[in-house]
Amino acid sequence: MTHDPLIDIQDLQVHFPIKGGLLRRTAGVVKAVDHVSFQIGKNETVGLVGESGCGKSTVGRAIVRLNEATGGKILYQDQDILSLRGEALRKLRHNLQIVFQDPYSSLNPRYTVKRLIAEVLTVQKGYSTSEAYKRVGELLERVGLNPIYAERYPHEFSGGQRQRVAIAKALALEPEFIVCDEAVSALDVSIQSQIINLLTDLKEKYGIAYLFISHALNVIEHISDRVVVMYLGSVMELSETEELFLHPLHPYTRALISAIPMLSGREQRERIVLKGDVPSAANVPPGCRFHTRCPYACDRCRTEQPAMRQAAPGHYVACHQV
């Protein structure tokens, strides 16, 4: 684990009630995130991967308090984010930002870029209007856009340019940490690489830490220092990036990596095809939640949930078979 974590997620749980009947009573819960723990160090990029619906975006949104947690702690500078309310929570948002998959939906189409970013500065940091407008030009240059674009509306930009605007807006408050929630998955491959290089440059220049959420392992391998693998709301494996891709331990991780056609010039692994569908988060299987699709499952896997343990230095896995 990280010796000096910036973000320390401890036993995080995010459950959503299922309402049913005429009286809309709670008939059950969806365990979107269930007892998740990991850390993110200062100036570190942690990749969070898994199939759609595994809970990775819910984790990111819980960190910035867009989703309310059911239990656990999220510590930032030894302060529990989940306990903050009112003014304390507003001040926290200066340091913790999020960039979404679809920048068009997160940018008000009725505002120019200048107004979009300037509003953040005037409301959150108390800038005067003239100071804020000057700062907007600097932020656009920082993300590789010409300051004259400040007078444009979001629909006048390409997808990659809109994502640069969204990043500039996130940078306006000079955060220490940014959640990138599928921030490049909607872009063309050539544009993806430009945005990834931009995020890497910003990290090196300003010491920003990222939680980079993606289902694309080739992107995760390129940008991340460490990787967390999630399945059905729980962490299956956690390791430094190179170690994980060279020596994946969990059967689920091995299946994900085997699906990548080529991986940094290495020989392609034998393709592992998982059978069956991902179970519902409203009806999580007993024991190891992956056992219904795991080719190596035994009786113990079906009844006993494996604990996360260190299989090698810095390499953690939750599996009875490793």
Any side-chain donor near an acceptor of the partner, E119 and T122, under 3.5 Å: no
Minimal non-hydrogen separation, I178 against A170, with atom names: CD1-CB, 4.4 Å
Transitive ILVMFWY side-chain link V120 to L139, under 4.5 Å: no
Given E51, E237, R293, the one that forms side-chain hydrogen bond (donor to acceptor under 3.5 Å, both in side chains) with Y252: E51
Interatomic spacing from CD in Q161 to CD1 in I191 - rounded to 0.5 Å: 8.5 Å
Exceeds 12 heavy-atom contacts within 6.0 angstrom, atom CZ of R85: yes
V33 to G55 - nearest heavy-atom pair and separation: CG2-O, 3.6 Å
L211 side chain reached by I63 side chain, heavy atoms, under 4.5 Å: yes
Short side-chain to backbone donor-acceptor contact, S224 and I220, under 3.5 Å: yes
Transitive ILVMFWY side-chain link L89 to Y76, under 4.5 Å: yes
Nearest heavy atoms of A183 and Q163, plus distance in Å: O-NE2, 2.6 Å
Over 12 foreign heavy atoms within 6.0 Å of CD, E240: no
Within 45° cone and under 6.0 Å: K114 NZ/CZ vs Y133 ring: yes
Side-chain touch L199/Y210, heavy atoms, less than 4.5 angstrom: yes
Check: F157 and R152 side chains under 4.5 Å, non-hydrogen atoms: yes
Cluster link I167 to Y153, ILVMFWY, side chain under 4.5 Å: no
Point-to-point distance, once rounded to the nearest 0.5 Å, from CG of L274 to OG1 of T292: 9.5 Å
Any R226 side-chain heavy atom under 4.5 Å of S239 side chain: no
K91 atom NZ: more than 12 heavy-atom contacts under 6.0 Å: no
Closest non-hydrogen atom pair between A216 and S214, with its separation: N-OG, 2.9 Å
Heavy-atom pair with the smallest gap, counting every atom of L232 and S280: CD1-C, 4.2 Å
Steps toward side-chain contact (heavy atoms from CB on, under 4.5 Å) verdict (V46, L238): CA-CA 10 Å; V46 171; L238 187 160; over 6 Å; no
S185 side-chain N/O to E182 backbone N/O, donor-acceptor pair under 3.5 Å: yes
Backbone of L75 reached by a side-chain donor or acceptor of Q79 within 3.5 Å: no
Exercise: do R142 and Y206 side chains pair donor with acceptor under 3.5 Å: yes
Donor-acceptor contact present, side-chain R61 to main-chain L66, <3.5 Å: no
Separation of S234 OG from R289 CZ (nearest 0.5 Å): 3.0 Å
Side chain proximity check, V99 to F212, heavy atoms < 4.5 angstrom: no
Donor-acceptor under 3.5 Å (D80 side chain, K73 main chain): no
Donor-acceptor under 3.5 Å (E44 side chain, G41 main chain): yes
Contact check, side chains of V317 and M236, non-hydrogen atoms, under 4.5 Å: no
Residues R135 and E138 bridged, charged N to O under 4.0 Å: yes
F177 vs L6, side-chain contact (heavy atoms from CB on, under 4.5 Å): CA-CA, chis, key distance, verdict: CA-CA 8 Å; F177 173 75; L6 179 68; 4.0 Å; yes
From CZ (R93) to CD1 (I81), nearest 0.5 Å: 10.0 Å
Between H250 and F290, ring centroids under 6.0 Å: yes
L173 reachable from L116 in the ILVMFWY side-chain graph, under 4.5 Å edges: no
Close side-chain approach of T200 to E204, heavy-atom, < 4.5 Å: yes
Point-to-point distance, once rounded to the nearest 0.5 Å, from CD1 of I74 to CG of L82: 4.5 Å
N146 CG: over 12 foreign heavy atoms closer than 6.0 Å: yes
Q77 versus E176, side-chain donor and acceptor atoms under 3.5 Å: yes
G287 backbone acceptor or donor facing R302 side chain under 3.5 Å: no
Nearest heavy-atom neighbours spanning P147 and E141: CG-CG, 3.4 Å
D225 backbone acceptor or donor facing T45 side chain under 3.5 Å: no
Separation between OH of Y316 and CD of Q310, rounded to the nearest 0.5 Å: 4.0 Å
Candidate pair V227 and T253, rule side-chain contact (heavy atoms from CB on, under 4.5 Å), full reasoning: CA-CA 11 Å; V227 180; T253 309; over 6 Å; no
Exam field: side chain N43 to backbone A209, donor-acceptor pair closer than 3.5 Å: no
Distance-only polar pair, side chains of T112 and E151, donor-acceptor under 3.5 Å: no
Hydrophobic cluster identity match, V229 and Y296, side-chain contacts under 4.5 Å: no
Any side-chain donor near an acceptor of the partner, S57 and D181, under 3.5 Å: yes
Backbone of Q124 reached by a side-chain donor or acceptor of H94 within 3.5 Å: yes
side-chain contact (heavy atoms from CB on, under 4.5 Å) between Y149 and V165, worked out: CA-CA 10 Å; Y149 291 174; V165 171; over 6 Å; no
Min side-chain heavy-atom separation I18-V29 under 4.5 Å: no
